[in-house]
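Structure record follows, encoded as structure tokens.
Basis for what follows: all heavy atoms, side chains included, without hydrogens, waters or symmetry-related copies. Here is the naming used below: chain letters follow the sequence lines, and residue numbers restart at 1 for every chain.
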Amino acid sequence: MSDNRLATLVFVLLLTGACAASGVKAEESGADARTDAQIQSSFMALFAGSQSDVAQPRPADVSDVEWRVLTGVSADDADPEARLALLLDNLRFRKALEAFRATETAELGEQLLDALPQRVEQGAMPADRAQRLQMQILSVLEADPPLRRQRAQEEARRIGVGFDIRKVNS
Amino acid sequence: MTHPKTFTGLALTLALISPAVALAATEGPSGLDFYEVPAISTTTHGDLIWYREATVDLGGGVAGFKAWNVMYRSTDSLGAQNAVTGTILVPTAKWSGFGGRPVVSYAMGTHGLQQGCAPSLQMQAGTDYETENVKAVVNAGYAVLITDYAGYTTGDVPTYLAGESQAHAALDIMRAASQVPGTDISEDDPVAIWGYSQGGQTATWAAELAESYTPDLNLKGVAAGGVPADFPVTADYLDGSSGASFLLGAVIGLAEQYPDNIDLDALTNDAGKAAIEQGKNECVFEALFDFMNDSIEQYTANGETLDEMLEDENVYEAVAAQNLGSGKPTVPLYQYHGQADEFIPISQHTDLKSEYCSRFANVTFDVYPSEHIVTQFQAAPTVMDWLDDRFSGYPALNGCLTFSPAPESTANPGGGDFVVTLDQWFLDGTMHLATLDQDVVLPEESTMTADTNITQETMVGSLDVPDFQTSLRIAGIKTDVWLSIQQVGDIEGEVSLSDEGILAIDGTVAANVVINAVGRGFAKIPFKHCKTEEPVVFDLDYAGPISDLGSGQVTFIGDTYFPDIEGCAGLASLFTALMSGPGQEYSFRIEAPAPQQWK
């Protein structure tokens, strides 16, 4: 039995097992019927057969399934290590953003703001999208509107966007 | 048929003759001097007056060919001899089929009345809007003959829409072409006639007249689309509508052919006289916009309406003389029409089919779903297949045994904005995922619907992409992914049509990409809210000849940014790493739905 077929079997067994545990068949189940853990477990099973030649150990902040998938995707690249580094960077940024949105901690917010100029410079994110993220983050970090506006201008300059905020007299 | 009052057309033509005397089959001068009618020794219609080698620009994607311009003898609608110009294209590749190389006399549609609008001059300049259809014929290996029709000779005015004159010109060019040295065209070669709109009128008239006017022609078939067959009905449809410029052109052209019937100077007011002068000096798209929605009563001496004008016996006689159906095509006829044609009513064309069927003609009628201009170019592949069959000697199946009612018009109402509706056009879409370096192909059932308002220069529409499954190779594992493309808001954009017939679209559509499930085979891991956290914005930008709309060549190509993915049961970060980011290339090609045969 090939690795892929074995992986499929494992995946199906895990998937049906997860559904049986919740009392529904796989084909009939909806997302509501499963926990995130069950879904991740099924997803892990899906990629049980993936292989990569990456020698470096899995970083602690990357899950086993994430590591399998990202190293597997990078393996096809001419420069697997550089590709893996880029993918990990994207993964970590997204995780940090999710964590910030969940916790609204200032430290995470500042880290994200610091990371944005490089992401724009590397072409990982367009400037307008980065600026919208800056505004989202600053709306949490900075309660005082004048200070927030001033900070927004500073942060925008870091990603190459210049603008003025003027008070409009009504 | 009854001819309108005999006109002194020969005298007028002779008045334009220059002192130079041309002998048959002599080489003509360069530049616009070629369009100066010389003294002519021959009186046989179809005889070559002069010719020259020509440069013709059909754009890219065309097989090699040689080109000539010709001036030849023909006959106007009243039987007077005239001189007509045209173009001959012969593929350079040797004809490998059985017998002589087939020849298609391609009858052009409305080009406008100014001399510079003549098909021969537009093709030379590379600006002719019908080149896609001409290319289709050349690429089939057939020779193409394209008459300019009467009136593009220097100092003359085209007898636009004078049916018999146009048909004579399209028939006579075959004999003329056979007299040009080096074309290798023989009078015996199999020939077909194809035209659309004005050209469809020409082709159908030729189908009726060929047997009597050019009895020796080896005519195999005629294809005619968008035909104005009943002139009073068509005139009423155009009056005060988006295609009003065609009515103005018809008035000018028929007055030129029948001056004893239509005295333009007496019938028009100052605005009418100015419109006529302007109309004589414009090409088709410029005139289309300049006279859009104008009514004939704006231009008549005492505010007479179209109906009142047609109550004049002489005027009516000249107009009704263009009606088709008093004769019978003696070769198979392929008719076609856009059901949403906003310029030429489909009903009077289906009536013509019924008339021909009652005379036991061999007629096939296809109904295309779109409007006038789209249909002109959408039909080309079907027409070419039909012509191929005629040249190959296959019998044409007669579509006269009809069980269904005639198709009813779906055209947008006349008198308002010029709106080209794309109703559930096929959307052939592909997105290239940058990180995974793989394509996602949209399902075949995907469609785009839009109203392109040429007058207001706006486009509003929507996409309809059914939920679909695609297969991606992720980390070496074949993975099934179930996706939805959920449009957010409308397709919005600007659209314009230039005087040169160039269509420009500058639009956008936004849509969320939803991952419904991943898995393999029958085993799925479903997600409930797994999607891009912001809509993906696709620019829909295009600029090209208007013919591209009908020929299925309008393709929106670009690259966009896929926002982060959210709501995927703890897998959003991984999906974001795999699918999000810039450089996501896409290609969306739109194509009009297929025609239906009316039978």
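Residue B/Ile474 holds its CD1 atom at 10.5 Å from CG of A/Leu70, rounded to the nearest 0.5 Å. B/Met579 CE to A/Asn90 CG: the interatomic distance, rounded to the nearest 0.5 Å, is 13.5 Å. With values rounded to the nearest 0.5 angstrom, B/Phe575 atom CZ is found 10.5 Å from A/Glu66 atom CD.
Chain B forms the most heavy-atom pairs under 4.5 Å with one residue out of A/Arg83, A/Arg92, A/Arg119, and that residue is A/Arg83. In terms of non-hydrogen atom pairs under 4.5 Å with chain A, the most contact-rich of B/Cys568, B/Ser573, B/Cys530 is B/Ser573. Taking chain A as the reference chain and counting heavy-atom pairs below 4.5 Å, the highest number among B/Asp437, B/Ile565, B/Asn516 is found for B/Ile565.
Annotation for A/Glu98 and B/Ala572: closest pair OE2-CB, 3.4 Å, computed over non-hydrogen atoms. Between B/Pro582 and A/Ala124, the closest heavy-atom pair is CD-O, 3.3 Å. Scanning all heavy atoms of the two residues, the minimum distance from A/Phe43 to B/Leu574 falls at CE2-CD2, 3.6 Å. In terms of heavy atoms, A/Val73 sits closest to B/Thr435 at CG1-O, 4.4 Å.
Of the possible polar contacts, one joining the A/Gln40 side chain to the B/Ala569 backbone as a donor-acceptor pair under 3.5 Å is found.
When the shell of 6.0 Å around CD of A/Glu154 is examined, it contains more than 12 heavy atoms from other residues, nucleotides or ligands. In this structure, A/Glu81 places its CD atom where only 12 or fewer heavy-atom neighbours from other residues, nucleotides or ligands lie under 6.0 Å away. Atom CD of A/Glu121 has 12 or fewer heavy atoms from other residues, nucleotides or ligands within 6.0 Å. Environment of CD in B/Gln469: crowded, with over 12 heavy atoms of neighbouring residues, nucleotides or ligands closer than 6.0 Å.
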One pair to check against side chain to side chain contact (heavy atoms under 4.5 Å, CB included): A/Arg68 and B/Ile477. What are the steps and the verdict?
CA-CA 11 Å; A/Arg68 277 176 184 275; B/Ile477 303 288; over 6 Å; no
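Using a 4.0 Å cut-off between a side-chain N of Lys or Arg and a carboxylate O of Asp or Glu, B/Glu533 and A/Arg94 qualify as a salt bridge.
Residues A/Phe93 and B/Thr576 form no side-chain contact, since every pair of their non-hydrogen atoms from C-beta on lies 4.5 Å or further apart. The shortest distance between side-chain heavy atoms of B/Leu571 and A/Asp36 does not fall below 4.5 Å.
Interface remark: B/Glu534 contributes side-chain atoms only to the contact with chain A (heavy atom separation under 4.5 Å). Contact of A/Leu97 with chain B is made through the side chain alone, with heavy-atom distances under 4.5 Å.
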